[in-house]
Each structure stands twice: as structure tokens, then as C-alpha cells.
Amino acid sequence: MSPLDNDYGTAIILQGGGALGAYELGVLKALYETRPGFRPSVVTGISIGAITAAVLAGAKGDPIQALDRLWREKLTVVPTLPFFPSAYQQFLSTLVPDELEKYLSAWGNPGMYRPRLDYAYAPWRRTSIYDLAPLRQTLAEMVDLEKLNNGGIRVAVGATNVGTSEIKYFDNDKVRLSFEHVMASGSLPPGFPMTEVEGNSYWDGGLFENTPLSPALNLLEELDKERRELIVVELFPRESPIPEDMADVVNRMLQLQYTNRLKLDGKFFEKFNSYIGLVEEIDNTLEEDHPIRQTEGYKDLQKYNRIDAASVILAHLPPELSNASDFSKASIEERIDAGYRDAIEQNIGEYTSAEEEVAKLTS
């Protein structure tokens, strides 16, 4: 089946995962390369996935080139000293051991966050350690809001309402997406502050759910396409060595939390498609003039359509690349390469039956 089949509407689902988001870039590079002329119909994202979604749909220029610049120039953390020329900065980076470089992001990320100076002298009175001003600047530099909102790609990013504990998906067909909507999706406490949107305070959407599959299904329903496809990128490894220290414990705890949610979403999707199949069978057996066809409930059932194809790209990251706070250059590069390689090996360029992919997702 040709990847240029215009009958397909494709939804890309992007998880949150901090520095693991570089893996998403590798997957997307493979997707666009193996399907010349490809363009998604829907993109949904959480946290770092929301940032990727905003750049993918609203990039000032080529989206893959923009994402490449985002990760390699904006979000990669390298050793620096203020007021030193760039030549000295490059020399400095050669003096810092790779293992130490993995922890430099604790002091800030020039393209995403910076330490709050007031936190040092009164931490008990603050609600975050960092502020997200650099992220807003990065988004403003890379994303055209007019293109993001009116460029023909449906985009939804999720954030958790701090006051109500409910997740809110900001959909560019319902509201005009702003940089604040994207920042709200990635406002992970206690590191990052709450982001205010329309009078409400929001934290990271991953606190509620990390795989925005449900909104993707809903948006696909609204498309005028004969066939529908889902592409899900899983960032967190399902298997990992037993933790040996506290850092390993925290890292594995987060992996288990987000991986389990993805598996629950897979079971939901499996039920969704079987439910649609049952409705289709009932529709084929009912006579044309049967009174059930005139009921509002039956008409509502017929609004839903099955997912015809799906790809679930499973991240095969070794333990040393599975730390979501490691924005070091070497780790970012290896994750990009891993995402590209995994996507190619898992046949991202083909339309694969949804049933086959769901079986892989829920196994």
C-alpha cells in the first residue's frame, strides 16, 4: 500500500519524557524519509511531546529541520562558562567527563529552563525550582502561531488543572493555541512552575496521562477520511535492570508509571476497535426501515469509525540512555539515532493493520 495514499488520515501521538523526547525526533525523521510527501492530519502531545507537536505543526520552515535544530542547538546542555568566547567553551567541553555532563541540566537548560534565583534564599516559599522563560523564548523563535493554528494540522496538547485534578486538552480547532498552552503541558512540578491559562493554573499533563491516545481518536473521528491511522511513540522502556541506587529507583519508578499507562491506553484502543466492529455487524443485519435506525442512540453509535492502521514504535533504549533528565550531547545524539533505527526496523514506512500493532502494545 502506498504511503502517499490520500485516503488515510494519520494521527501522531507523542508522549512526555523530558530528554527522552530526542527519540521522537529520530522516529519522525524516519517517518518523513520513508513516506515522501507525508503530512499528519492530527498530532497530540504531552509535556516534551507537546513541544514536539507545536514545532512539527507550526515550524518556521521545514518541520524536521526545525526539530533537529531544537534538540541539537536549543535543548542539548553542554559545559559553559559565562563571558568566555565560543572557542574556549568548546575546549571546556573536552575537559568535562561524560558521566558528569549527564548531570549538568540540574543547573538549567538554556533552551528550556533556568534556576530561580529567589529559590536559594527562601525555598520553602516557592512553588518551583526553575522558571520556563527560556522555553517560551525558544518556542517564539521556532514556532509560527498562525501556522500552528491554521496550517491544516489538528493539534491538541494536554495539561493537568492543578485546582480540579482534571486533564485539559487544548485543541487548536477549539482555542487558539499559544506558547502558554504548550508550556502548561510541560510544567512538571516541583521543578517547573504552574502555568496560568485562561485564569486556571496547570501542571504537566503527564501527571494525569502520558499517552494522549483518546484525544487523537476523537480528532480522527472529525476528519473526512476513508481510512484512519495511529502512530504512537513509546519513550519508556518496559524492561530494565533492578535498581542499584536511589537514582535508579526514582528513574525506574517513573518508567513503570508511564509505561503502565500506555498499556492501559492500548487496552482501551483494543476495546474501541472491537466495539466499532460490533456496530458495523449490527448495521449490516438491520433492515433499512428498522425503527432502531431512527433512534438518537443508534445514530450516535454510527458516528464512530474503526482505526485501519497503526504503528507503535517501542523504544529500545539501554539503561544509560533512559534518564529523562540527561540532556547531554552524547545522550541526545544516541537517542535520536535509536529512534531513527527503531522506526526503520519497526516498518514505520508501511501501513500496518491496527490489530497486529495493538497485540504488540498490550502484550
Side-chain angles (χ1 to χ4, degrees), residues 1-17 21 23-24 26-28 30-32 34-35 38-46 49-50 52-53 56-57 152-158 169 171-173 205 209-236 238 258-259 261-277 280 303-315 339 342-363:
M1 189 179 302
S2 170
L4 295 180
D5 191 335
N6 291 326
D7 290 342
Y8 271 86
T10 299
I12 299 175
I13 295 92
L14 300 168
Q15 286 188 333
Y23 182 92
E24 293 174 337
V27 172
L28 292 170
L31 174 63
Y32 277 64
T34 56
R35 301 189 188 186
F38 172 80
R39 191 167 185 266
S41 299
V42 171
V43 184
T44 60
I46 293 287
T52 299
L56 187 64
I153 298 176
R154 290 290 295 275
V155 179
V157 297
Y169 281 100
D171 171 5
N172 67 350
D173 191 57
E209 64 179 0
N210 198 46
T211 310
L213 179 60
S214 298
L217 291 171
N218 292 335
L219 295 183
L220 280 179
E221 285 297 328
E222 300 177 19
L223 297 180
D224 184 21
K225 293 288 186 178
E226 292 186 15
R227 298 183 179 90
R228 293 161 178 79
E229 178 191 30
L230 294 174
I231 296 177
V232 182
V233 184
E234 177 182 319
L235 294 180
F236 292 90
R238 299 188 181 185
Y258 295 132
T259 301
R261 288 184 178 185
L262 176 62
K263 295 182 76 170
L264 287 174
D265 277 342
K267 293 177 181 178
F268 163 77
F269 169 68
E270 187 176 30
K271 290 181 180 179
F272 178 89
N273 239 24
S274 62
Y275 165 79
I276 298 306
E280 290 174 348
K303 293 179 182 178
Y304 299 97
N305 298 280
R306 70 168 59 246
I307 300 300
D308 301 283
S311 293
V312 183
I313 305 303
L314 304 173
D342 287 350
I344 294 296
E345 291 177 355
Q346 296 175 43
N347 301 316
I348 191 69
E350 301 177 4
Y351 290 112
T352 306
S353 72
E355 287 75 17
E356 180 181 346
E357 286 298 305
V358 169
K360 180 176 72 173
L361 180 64
T362 56
S363 62

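These values consider heavy atoms only, across backbone and side chains, with no hydrogens, waters or symmetry-generated copies. For the single chain, residues carry numbers from 1 onward in sequence order.
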**Request:** Begin from the C-alpha positions of Leu213 and Thr44 and carry the test side-chain contact (heavy atoms from CB on, under 4.5 Å) through to its verdict.
**Result:** CA-CA 8 Å; Leu213 179 60; Thr44 60; over 6 Å; no
**Request:** Evaluate side-chain contact (heavy atoms from CB on, under 4.5 Å) for Thr52 paired with Leu28, printing each intermediate quantity in order.
**Result:** CA-CA 10 Å; Thr52 299; Leu28 292 170; 3.8 Å; yes
**Item:** Full working for side chain to side chain donor-acceptor pair (under 3.5 Å) between Tyr23 and Asp342
**Value:** CA-CA 9 Å; Tyr23 182 92; Asp342 287 350; 2.7 Å; yes
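Between Ile313 and Ile348 the shortest side-chain heavy-atom distance falls below 4.5 Å. In this structure, the side chains of Asn218 and Tyr169 stay at 4.5 Å or more apart for every pair of heavy atoms. Residues Val232 and Thr211 form a side-chain contact, since some pair of their non-hydrogen atoms from C-beta on lies under 4.5 Å apart. You'll find the side chain of Leu14 stays beyond 4.5 Å of the side chain of Ile46, heavy atoms only. Within the 4.5 Å cutoff, no side-chain heavy atoms of Val233 are placed close to those of Ile13. In this structure, the side chains of Val155 and Asp171 stay at 4.5 Å or more apart for every pair of heavy atoms. Using a 4.5 Å heavy-atom cutoff, the side chains of Asp308 and Tyr8 are in contact. A heavy-atom distance below 4.5 Å is not found between the side chains of Ile231 and Val312.
Of all non-hydrogen atoms in Phe236 and Gly16, the two that sit nearest each other are CE1-O, 3.2 Å. When all heavy atoms are compared, the tightest approach of Leu235 to Gln15 is N-OE1, 2.8 Å. Taking all atoms of both residues into account, the shortest heavy-atom contact from Glu229 to Ala310 is CG-N, 4.3 Å. Considering every non-hydrogen atom in both Ala30 and Ala343, the closest pair reads CB-CB, 3.6 Å. Taking all atoms of both residues into account, the shortest heavy-atom contact from Pro40 to Ile12 is CB-CD1, 3.8 Å. Taking every heavy atom of both residues into account, Leu220 and Gly9 meet most closely at CD2-O, 3.6 Å.
Relative orientation of the Tyr32 and Phe38 rings is perpendicular, given thresholds of 30° and 60° on the angle between their planes.
Put simply, CG on Leu230 and CG on Leu217 are 5.5 Å apart, with the number rounded to the nearest 0.5 Å. Rounded to the nearest 0.5 angstrom, Leu56 CG and Glu24 CD are separated by 10.0 Å.
Checking side-chain atoms of Asn172 against main-chain N and O of Arg154 turns up no donor-acceptor pair under 3.5 Å.
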